[in-house]
2 protein chains.
Amino acid sequence: MNPELDHEAIVAKLNTLIPPEDELGRITAIFKALGDPTRARILYALGVSKLSVGELAAGLDLTQSNVSHQLTVLRELKLVVGTRSGRNVHYQLADKHIISIFQQVAAHAEESNQAE
Amino acid sequence: MNPELDHEAIVAKLNTLIPPEDELGRITAIFKALGDPTRARILYALGVSKLSVGELAAGLDLTQSNVSHQLTVLRELKLVVGTRSGRNVHYQLADKHIISIFQQVAAHAEESNQAE
DNA sequence: AATACACATGAACAGTCATTCATATGTATG
DNA sequence: CATACATATGAATGACTGTTCATGTGTATT
């Protein structure tokens, strides 16, 4: 009833009110992956079209090696999937959901940028 | 008309089809901030209740200094706002939107975790 | 005004990470 | 089977980052 006591109770049980370590690790790993400009550009590009490693490298002005390394990271997090066709490997988003998450963060970024 | 040409055209103009550097920088800065477990826990905690620095430190088993440093990062990105009351500073989420973004990424994380 | 409390800030250190260069694997072509 | 092409992998390195320790700033209390 007393707001003070409620507040104390919340603080005492904070660790039970937020996600446990393993789940939190999976979540933050994804955010960390999205937090690098190179990987973000790759994901945006794949949001436009399914593309091969070479096309990504050419279109985004990146080293083939760099693109491949970043795709490995994104693949391990199941954010993209690659399918071989001949000697090329075509990558695509594993889930269109990613795009909408980017759009939401973009909205937040532009709005708080404008407000400053 | 020719799908091959469309594809080449996309690759050639990829840089115009994705966000420019400055906007992309603001977006990835936010993702990077969300990509650290300590900051994520702080944001989750603030999603439960408005809390002071000391309460966050106590409830999350973190150093006061550490909490303050991370809050500085979150404040600069306008993800949280702090208001002084006496000698305490109470922090709250700048935007409830953040929570729903976490929920979406959490959904993605758990689903691809289950699928493995 | 002096002391105690809450928070912020700065420097420093250890660990992490993005990128590059070199090389390996895999696949088609002649 | 040899060569060329596309992608993957490994090692090395320079830069960045999270945390700690020490200290500074701001605010209340006596």
Side-chain angles (χ1 to χ4, degrees), chain A residues 4 7-8 11 21 24-46 50-77 79-92, chain B residues 4 7-8 11 21 24-25 27-46 50-92:
Chain A
E4 278 298 323
H7 209 233
E8 278 186 40
V11 173
E21 184 184 346
L24 203 126
R26 287 191 291 273
I27 296 171
T28 55
I30 292 177
F31 279 125
K32 201 193 300 185
L34 307 184
D36 175 69
T38 299
R39 284 190 292 265
R41 291 174 72 214
I42 290 175
L43 290 171
Y44 267 111
L46 295 180
K50 185 189 261 195
L51 293 165
S52 73
V53 178
E55 289 171 329
L56 282 166
L60 299 176
D61 280 304
L62 296 169
T63 307
Q64 176 269 323
S65 179
N66 195 0
V67 172
S68 190
H69 276 299
Q70 307 308 337
L71 284 172
T72 300
V73 174
L74 298 175
R75 206 177 343 106
E76 284 171 351
L77 292 170
L79 297 177
V80 303
V81 291
T83 60
R84 249 210 137 86
S85 105
R87 21 191 189 197
N88 296 331
V89 177
H90 292 96
Y91 279 89
Q92 58 185 317
Chain B
E4 278 299 323
H7 210 233
E8 277 187 39
V11 173
E21 185 183 348
L24 203 126
I27 296 171
T28 55
I30 292 177
F31 280 124
K32 201 193 299 184
L34 307 184
D36 175 68
T38 300
R39 284 189 293 265
R41 291 176 71 218
I42 291 175
L43 290 171
Y44 268 111
L46 295 180
K50 184 190 262 197
L51 292 164
S52 72
V53 179
E55 290 171 329
L56 282 166
L60 299 177
D61 280 304
L62 295 170
T63 306
Q64 176 269 321
S65 178
N66 194 1
V67 172
S68 191
H69 276 300
Q70 307 308 337
L71 284 172
T72 300
V73 174
L74 298 174
R75 205 174 348 104
E76 284 171 351
L77 291 171
K78 315 209 178 182
L79 296 177
V80 303
V81 293
T83 61
R84 251 209 135 86
S85 105
R87 23 192 187 195
N88 297 329
V89 177
H90 292 96
Y91 280 89
Q92 58 186 317

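Atoms considered below: every heavy atom in the structure, side chains included; atoms not considered: hydrogens, waters and symmetry mates.
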Practice prompt. Under 4.0 Å from any atom of DNA chain C, heavy atoms only: list the residues of residues 51-64 of chain B that qualify, in numerical order.
Written response: B:Ser52, B:Val53, B:Gly54, B:Gln64
What is the distance, rounded to the nearest whole Å, between atom [atom1] of [X] and atom [atom2] of [N]?
| X | N | atom1 | atom2 | result |
| --- | --- | --- | --- | --- |
| A:His90 | D:dT7 | NE2 | P | 8 Å |
| A:Tyr91 | D:dA6 | OH | P | 15 Å |
| A:Lys32 | C:dG15 | NZ | C1' | 11 Å |
| B:Asn66 | D:dC21 | CG | P | 11 Å |
| B:Leu74 | C:dA8 | CG | C1' | 15 Å |
| A:Asn88 | C:dT29 | CG | P | 11 Å |
| A:Arg84 | C:dG26 | CZ | P | 9 Å |

Minimum-distance nucleotide (side-chain atoms of [X] versus [options]):
| X | options | answer |
| --- | --- | --- |
| A:His69 | D:dT19, C:dC21, D:dA8 | C:dC21 |
| A:Asp36 | C:dT9, C:dT19, D:dA8 | C:dT19 |
| B:Gln70 | D:dT9, D:dG18, D:dT7 | D:dG18 |
| B:Arg87 | D:dT27, C:dT19, C:dA28 | D:dT27 |

Practice prompt. With DNA chain C as reference, determine whether A:Ser65 or B:Leu71 sits nearer its 5' end, using the nearest nucleotide of each.
Written response: B:Leu71
Can you find a heavy atom in the side chain of [X] that is under 4.5 Å from one in the side chain of [Y]?
| X | Y | result |
| --- | --- | --- |
| B:His7 | A:Leu51 | yes |
| B:Ile27 | A:Tyr44 | yes |
| A:Thr38 | A:Leu62 | yes |

Worksheet item: A:Val80 pairs by side chain to side chain contact (heavy atoms under 4.5 Å, CB included) with which of A:Ile42, A:Val73, A:Leu46?
Response: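 That would be A:Leu46.
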Item to complete: Evaluate the side chain to side chain donor-acceptor pair (under 3.5 Å) criterion for residues A:Arg75 and A:Thr72: first the C-alpha distance (whole Å), next the side-chain angles of each, then the deciding distance (0.1 Å), finally the verdict.
Response: CA-CA 5 Å; A:Arg75 206 177 343 106; A:Thr72 300; 3.2 Å; yes
Worksheet item: Short question: side chain of A:Thr63, backbone of A:Asn66 - any donor-acceptor pair under 3.5 Å?
Response: no
Item to complete: Without swapping roles, check the side chain of B:Ser68 against the backbone of B:Gln64 for a donor-acceptor pair under 3.5 Å.
Response: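 Not confirmed, B:Ser68 side chain does not pair with B:Gln64 backbone.
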